[in-house]
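Down below is the structure, laid out as structure tokens.
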Amino acid sequence: MHFLFPLLVILLQSPGARAGEIIGGWEAKPHSRPYMAYLKFSIENKDSKCGAFLVQEDFLLTAAHCWGSSISIILGAHNIKEPEKTQQKIRVLRAIPHPQYNNQTFNNDIMLLQLEKKAKLNRAVNLLALPRMKDRLRPGKRCTVAGWGCDIAKKFPNTLQEVELKVRKDNECKDKYHKYYNRTTQMCAGDPKERKASFKGDSGGPLVCDRVAQGIVSYGRNDGSNPRVYTRIFSFLSWIKKTMNAHEY
Ligand SMILES: *[C@@H]1O[C@H](CO)[C@@H](O)[C@H](O)[C@H]1NC(C)=O
Ligand SMILES: *[C@@H]1O[C@H](CO)[C@@H](O)[C@H](O)[C@H]1NC(C)=O
């Protein structure tokens, strides 16, 4: 396990840190990804952060490795250090990690968060669609990922950053991560020749292809190299629907 790195981080207090980025990305147009949520939680008394995304007015998806105590989320944010009027801070009523989540291999790295009350949908807060068609994404497909995670120099941005990534062949992740990579539950993305990637703190954010959430930032090597592994949302659709229906208010 020494070479794997779950993409969450301990929150670093870094006043005056320069705006960093995902790796090789750029600042997103404010509120152009209204489904994005900033997630804070605490594990072993340390504050950590992740991304999450709104899939129903009262439910978000994120990675199971973002589980902890005192989970809080901010919707409608661009600059998480500013008191923006668009922000909605809503308490998390329950966090439901996938029952087969394995914290050693990161298999089934997916978690639902139910909010205490429904989010108000508007131009800064909106839903992201889940995949519908049965087709597997083809290698070469262009997708994007966004987050408030750090760049390779460990600089944390205040504003949401985004980067474009291409889906890669399963075999590339199989070669890089061996038995950890599971082609049923995971997908592989990020060109090894490009310095563009999701990184620490981006965990739980969506890999978006054609405006649909196809993946969830899960793990990769700690040198930031590509390709990296994303939870394959398609494989969990029935669990997502069943779990959301079971917890209607
Ligand atoms: C991983 O899961 C095992 C079994 O569920 C549990 O005992 C252990 O505390 C977990 N470890 C971490 C770091 O969460
Ligand atoms: C892949 O994940 C699925 C779902 O958890 C599991 O049933 C299957 O055994 C895994 N495959 C391998 C090769 O580990």
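All values derive from a computational prediction rather than experimental measurement. The figures that follow rest on heavy atoms only: side chains count, while hydrogens, waters and symmetry mates do not. Index from 1, following the sequence. Indexing begins at 1, ligand by ligand and atom by atom, following the structure's order.
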>> At less than 4.0 angstrom from any non-hydrogen atom of T185, what atoms of ligand 2 do you find?
In response: 2 (O), 4 (C)
>> For the residue pair Q56 / D58, report whether a side-chain donor-acceptor contact shorter than 3.5 Å exists.
In response: yes
> Is any NZ, NE, NH1 or NH2 atom of the basic residue among R232 and D170 found under 4.0 Å from an Asp or Glu carboxylate oxygen of the other?
Replying inline: yes
>> Donor-acceptor pair, distance only, cut-off 3.5 Å: does the side chain of N108 make one with the backbone of T185?
In response: no
> When hydrophobic residues are tied together by side-chain contacts of less than 4.5 Å, even through go-betweens, does L128 share a cluster with I233?
Replying inline: yes
> Which of the atoms of ligand 2 are close to N108, meaning less than 4.0 Å from one of its heavy atoms?
Replying inline: 4 (C), 5 (O)
> Is T184 close to ligand 2, meaning an N/O of one under 3.5 Å from an N/O of the other?
Replying inline: no
> Of the protein's non-hydrogen atoms, which lies at the shortest distance from atom 14 (O) of ligand 2, and what is that distance?
Replying inline: N182 ND2, 3.6 Å
> Do you see a protein non-hydrogen atom under 4.0 Å from atom 2 (O) of ligand 2?
Replying inline: yes
>> Can you classify the ring geometry of W148 versus Y38 as parallel (below 30°), tilted (30 to 60°) or perpendicular (above 60°)?
In response: perpendicular
